[in-house]
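This report concerns only the one structure given below.
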Number of protein chains: 2
Amino acid sequence: MDSNTISRIQTIITKNSELFDELAQLYKIFADSSRVKILCALTQSEMCVGEISEFLSITQSAVSHQLRILKSSNLVKSKRQGKNIVYSLTDDHVKTIIDCGMEHIAE
Amino acid sequence: MDSNTISRIQTIITKNSELFDELAQLYKIFADSSRVKILCALTQSEMCVGEISEFLSITQSAVSHQLRILKSSNLVKSKRQGKNIVYSLTDDHVKTIIDCGMEHIAE
DNA sequence: TGTATATATGAACAGTTGTTCAGATGTAAT
DNA sequence: ATTACATCTGAACAACTGTTCATATATACA
């Protein structure tokens with residue numbers, strides 16, 4: 001590596017430091033199988049907490065906790081519908097990210 | 001949600017359970033800013049442990065620990081070059097995954 | 001108003017993770 | 001052989017994470 005390359009890389013790493021933190025933070029959300037399953041279920045249809053809980057065979061409480069994380073990260077949104085609170089994906093970035101990871105696994 | 005939809009989603013979640021575990025496992029590797037920075041540095045050029053350590057201002061020991069994780073996940077490979085051990089990405093899936101996440105952040 | 005249903009919340013706990021430190025290993029050069 | 005250099009390793013520790021349990025909140029319905 002010549003000194004030009006070194007200083008170029010050094011700049012990239014240093015200048016984008018917070019960006020890498022954000023990126024790690026984003027991937028942290030996908031780094032749990034319950035959350036991945038929830039997100040994947042939501043790519044199929046919007047649904048309420050109880051349904052998610054049944055689909056994944058996970059405690060309603062656990063689902064609720066995870067949904068709070070997903071919501072505060074703006075990956076899902078919620079609306080009340082009668083007795084239920086229905087969750088859905090905020091956009092299709094989620095699907096893109098999941099697909100991207102799946103592609104790596106399927107090798 | 002009609003009963004057809006329910007059983008379809010149920011099948012998807014149940015059948016791919018291990019796949020979701022793998023996916024979460026993969027994202028777990030990207031879920032740390034040190035590792036993301038290491039991987040990003042390696043997208044620019046192969047380099048040895050000491051260089052990575054300087055670029056990121058992280059202990060050489062910490063880098064070595066992280067590299068072991070990255071290597072055992074087959075995201076990086078290593079070769080000896082004189083006194084140094086030079087690390088590089090095994091393929092360009094890594095870059096794809098990083099770019100995919102970056103795209104989500106940049107909104 | 002009272003009761004059932006759906007969801008959210010907080011404390012507690014066990015399990016995991018990333019870093020540091022001290023020292024081991026291995027290679028190169030004299 | 002001895003020394004210097006580069007990297008690896010394992011133990012220890014603090015910080016963080018996901019689940020569970022018990023309970024609170026909030027809406028619907030009788």
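Chain letters run A, B, ... following the sequence lines, proteins first, then strands; residues in each count from 1. No hydrogens, no waters, no symmetry mates; every other heavy atom, side chains included, goes into these values.
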Inspect the surroundings of CD in Glu54(B) and state if more than 12 heavy atoms from other residues, nucleotides or ligands are less than 6.0 Å away. no
Does NZ in Lys95(B) sit with more than 12 non-hydrogen atoms of other residues, nucleotides or ligands closer than 6.0 Å? no
Side-chain N,O (Tyr87(A)) to OP1/OP2 (dA8(C)) below 4.0 Å: yes
DNA chain D nearest-nucleotide lookup for Val86(B) and Gln66(A): closer to the 5′ end is Val86(B)
For Thr59(A) and for Gly50(B), locate the closest nucleotide of DNA chain D by heavy-atom distance; then report the residue assigned to the nucleotide nearer the 5' terminus. Gly50(B)
Selection from [options] that lies nearest to any side-chain heavy atom of [X]:
X: Ala62(B); options: dT20(C), dT7(D), dA8(C); result: dT20(C)
X: Asn84(B); options: dT9(C), dA8(C), dA6(D); result: dA6(D)
X: Ser61(A); options: dT9(D), dT9(C), dT19(C); result: dT9(C)
X: Gln60(A); options: dT9(D), dT27(D), dA8(C); result: dA8(C)
X: Ser34(A); options: dT9(D), dT19(D), dT19(C); result: dT19(D)
X: Arg35(A); options: dT7(D), dT9(C), dG18(D); result: dG18(D)

Taking atom [atom2] of [N] as reference, at what distance in whole Å does atom [atom1] of [X] sit?
X: Glu51(B); N: dC5(D); atom1: CD; atom2: P; result: 17 Å
X: Met47(B); N: dT7(D); atom1: CE; atom2: C1'; result: 17 Å
X: Gln81(B); N: dA28(C); atom1: CD; atom2: P; result: 12 Å
X: Leu67(A); N: dT9(C); atom1: CG; atom2: C1'; result: 14 Å
X: Lys83(A); N: dT3(C); atom1: NZ; atom2: P; result: 16 Å
X: Asp32(B); N: dT19(C); atom1: CG; atom2: C1'; result: 10 Å

Nearest heavy-atom approach of Phe20(A) to Cys40(B) is CZ-SG, 3.4 Å
Taking Asn4(A)'s backbone N and O only, do any of them form a donor-acceptor pair with Ser7(A)'s side chain (distance below 3.5 Å, no angle check)? yes
Within the stacking criterion (centroid distance below 5.5 Å, interplanar angle below 30°), does His65(A) stack on dT9(C)? yes
Which of these passes side chain to side chain contact (heavy atoms under 4.5 Å, CB included) with His104(A): Leu23(B), Val94(B), Leu75(B)? Leu75(B)
